[in-house]
Amino acid sequence: MSELQDKKMPKGYAVMWIIITAVYGVWMTFFMKDIVLFHYEKEAARRISGYYPPYVQPDITGMVGRHWLYPVWVVISCVCLLLFIFYIAKILYAKSLNKGITAACVILLIAGCVFINWYGFFDVTIVKDGVVTQAAFRDKLTYVTASMTGLEYPWSFRLWGVLASASIFMNTMYTYRKYGYSSRLGVILGSLGSVAIYVTVNCPSYGVDKDFSVARCAGHWIGAIVFAGCCAMPLVFFLFSKAVKEKGRFLGALIAFALVLVALLVLTVAGFKSAVIENIPMTAAYILLFMLNFTHFFEKPANA
């Protein structure tokens, strides 16, 4: 199936993920702990009392009165990061892709696509014309971002990040393996993008013009941008390589995916933003990965 099946996973990938996890664990344990458990709670309380708009739920961390959840989350998220070593080893470099790995990839792919789109339509409290109200359907399409939703549903936002990063990375590695494509840069960028979303979900933001902490807002948005860019590029690398060699449907897929990314950029620059709009390139990636990995759409005919 792939020239990679006779090779061992380079130790550098495991070392990279161990270092990433260690740095993340230190950051969460020694830097973020008091910020999350005390500063975020005080900040949300000040906002809900009318000190600083807009209105949000006071428990933006999902841990008010349950601080024991913080170390649990740190451990769980560190384990989730270490699992990326397993994804690389068992998908990209295993002797064969067994049915369990295939099932896990397709299940996570579908679950990720369904969840991120469902998340975009969660009921969210907003301030509209000076009145606290529930976001209307139109607001969810044009105004309410994934970050804003995360202020009211912090654990769902964390799940959004964990599920999106794992499902996209695993299935990108599956694509590489299935089509015999090799790109260390693609694996490294996908890894960096996957960990970047963990920064975003741990740094809830009210927006660049409303945050008390400019550094936190910057971390939130930089994490989201790195996640989007670095997780898209490995797929772009693959499509470009196949389009150059085979053209046909791979070229069409490359053009279509590139147009989706450009459309998102144009909408963002024009001021249109919402979780639904943010999900467009992710949904496109999910559909493309499903077609690549679990259909015969891109496979050459037997008589070709």
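As the structure is a prediction and not an experimental result, all values here were calculated from the model.
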* **Over all atoms of both residues, closest heavy-atom pair of Pro234 and Gly186** => CG-O, 3.1 Å
* Asked: Is it true that Ile18 and Trp27 fall in one hydrophobic cluster, defined by side-chain heavy atoms closer than 4.5 Å?
  -> yes
* To do: Drop me the distance from Leu192's CG to Ile197's CD1, to the nearest 0.5 angstrom.
  => 13.5 Å
* Asked: Can you name the closest pair of heavy atoms from Met63 and Leu69 and give their distance?
  -> CG-CB, 4.1 Å
* Asked: Quick one: are Tyr198 and Phe227 in side-chain contact, heavy atoms under 4.5 Å?
  -> no
* Side-chain heavy-atom pair Thr145, Glu278 within 4.5 angstrom cut-off -> yes
* Qualifying residue for side chain to side chain contact (heavy atoms under 4.5 Å, CB included) with Pro281, from Leu261, Val262, Leu265 -> Leu261
* Ser274 (side chain) donor-acceptor with Leu141 (main chain) under 3.5 angstrom -> yes
* Asked: Is the count of non-hydrogen atoms from other residues, nucleotides or ligands lying under 6.0 Å from Trp118 atom CH2 greater than 12?
  -> no
* Structure fact -> Residues passing the side-chain hydrogen bond (donor to acceptor under 3.5 Å, both in side chains) test with Thr21, sequence neighbours excluded, are none
* Asked: Can you check salt bridge (Lys or Arg N to Asp or Glu O under 4.0 Å) on Lys178 and Glu299, steps first, answer last?
  -> CA-CA 10 Å; Lys178 179 179 178 179; Glu299 295 177 8; 3.4 Å; yes
* To do: Tell me whether Ile76 is reachable from Leu159 by hopping between hydrophobic residues (I, L, V, M, F, W, Y) whose side-chain heavy atoms are closer than 4.5 Å.
  => yes
* Asked: Are Thr102 and Tyr174 close enough that a side-chain donor and a side-chain acceptor fall under 3.5 Å?
  -> yes
* Are Ile222 and Val195 co-members of a hydrophobic cluster defined by side-chain heavy atoms under 4.5 Å apart? -> no
* To do: State, yes or no, whether a side-chain contact exists between Cys105 and Ile101 at a heavy-atom distance under 4.5 Å.
  => yes
* Got Ile88 and Trp17 here, is their nearest side-chain heavy-atom distance under 4.5 Å? -> yes
* To do: Report yes if the distance between the aromatic ring centroids of Phe122 and Tyr119 is under 6.0 Å, otherwise no.
  => yes
* **Step-by-step side chain to side chain contact (heavy atoms under 4.5 Å, CB included) determination, Ser241 to Lys245** => CA-CA 6 Å; Ser241 176; Lys245 296 176 182 178; 4.0 Å; yes
* Take Leu81 and Cys78 through the side chain to side chain contact (heavy atoms under 4.5 Å, CB included) test and state the conclusion after the steps. => CA-CA 5 Å; Leu81 292 177; Cys78 283; 5.5 Å; no
* Any donor-acceptor pair under 3.5 Å from Glu152 side chain to Ile60 backbone -> no
* Distance, nearest 0.5 Å, that separates NE2 of His67 from CG of Leu37 -> 5.0 Å
* Please assess Tyr87 against Phe84 for the test ring pair (Phe, Tyr, Trp, His ring centres under 6.0 Å), listing each intermediate value before the final yes or no. => CA-CA 5 Å; Tyr87 303 153; Phe84 280 80; 5.0 Å; yes
* Under 3.5 Å, side chain of Asn171 to main-chain N/O of Leu289, donor-acceptor pair present? -> no
* To do: Indicate whether any N or O donor in one side chain lies under 3.5 Å from an N or O acceptor in the other, for Tyr24 and Ser77.
  => yes
* To do: Look only at the side chain of Thr200 and the backbone of Ala224, and say whether a donor-acceptor pair between them is shorter than 3.5 Å.
  => yes
* Asked: Which residue, Tyr181, Tyr93, Phe169, Phe237, forms the ring pair (Phe, Tyr, Trp, His ring centres under 6.0 Å) with Tyr176?
  -> Tyr181
* Structure fact -> On a heavy-atom basis, the closest approach of Arg177 and Ala94 is NH2-O, 2.6 Å
* same_hphob_cluster(Ile168, Ile20) at 4.5 Å side-chain heavy-atom cutoff -> yes
* To do: State yes or no: do Tyr286 and Phe297 share one hydrophobic cluster built from I, L, V, M, F, W and Y residues joined by side-chain heavy-atom distances below 4.5 Å, directly or via other members?
  => yes
* For Ile116, does its backbone N or O pair with a side-chain atom of Asn279 as donor and acceptor, under 3.5 Å? -> yes
* Tell me, with the steps shown, if Arg184 and Tyr13 meet side chain to side chain contact (heavy atoms under 4.5 Å, CB included). => CA-CA 9 Å; Arg184 289 195 175 189; Tyr13 290 144; 3.2 Å; yes
* Asked: Is it true that the side chains of Trp73 and Asn202 contain a donor and an acceptor less than 3.5 Å apart?
  -> yes
* Asked: If we only count heavy atoms from C-beta on, is the Val106 to Asn293 side-chain gap below 4.5 Å?
  -> no
* Smallest separation among heavy atoms of Met9 and Ala14, with atom names -> CE-CB, 4.0 Å
* Rounded to the nearest 0.5 Å, what's the gap from CG on Leu292 to CZ on Arg249? Could you check? => 12.0 Å
* Can you tell me how far CZ of Phe137 sits from CG of Asp139, rounded to the nearest 0.5 angstrom? -> 11.0 Å
* To do: Before giving the answer on side-chain hydrogen bond (donor to acceptor under 3.5 Å, both in side chains), spell out for Thr61 and Tyr70 the whole-Å C-alpha distance, their side-chain angles and the decisive distance to 0.1 Å.
  => CA-CA 9 Å; Thr61 66; Tyr70 186 80; over 6 Å; no
* Is there side-chain contact between Lys242 and Phe298, with at least one heavy-atom pair below 4.5 Å? -> no
* Take Met32 and Cys203, measure what side chain to side chain contact (heavy atoms under 4.5 Å, CB included) needs, and give me the verdict at the end. => CA-CA 9 Å; Met32 291 297 291; Cys203 297; 4.1 Å; yes
* Asked: Taking atom OG1 of Thr142 and atom CD1 of Ile277, what is their separation to the nearest 0.5 Å?
  -> 7.0 Å
* For the residue pair Ala275 and Gly120, what are the closest heavy atoms and their distance? -> CB-CA, 3.7 Å
* Straight-line distance of Leu288 CG to Phe257 CZ, nearest 0.5 Å -> 6.5 Å
* Over all heavy atoms of both residues, which pair between Phe294 and Leu109 is shortest? Give the atoms and the distance, please. => CE1-CD2, 3.9 Å
* Do the side chains of Cys113 and Phe290 get nearer than 4.5 Å, heavy atoms only? -> no
* Judged by atom type as modelled, is there a donor-acceptor pair below 3.5 Å linking the side chain of Tyr153 to the main-chain atoms of Asp123? -> yes
* **Contacts of Ser165 that satisfy side-chain hydrogen bond (donor to acceptor under 3.5 Å, both in side chains) - sequence neighbours left out** => none
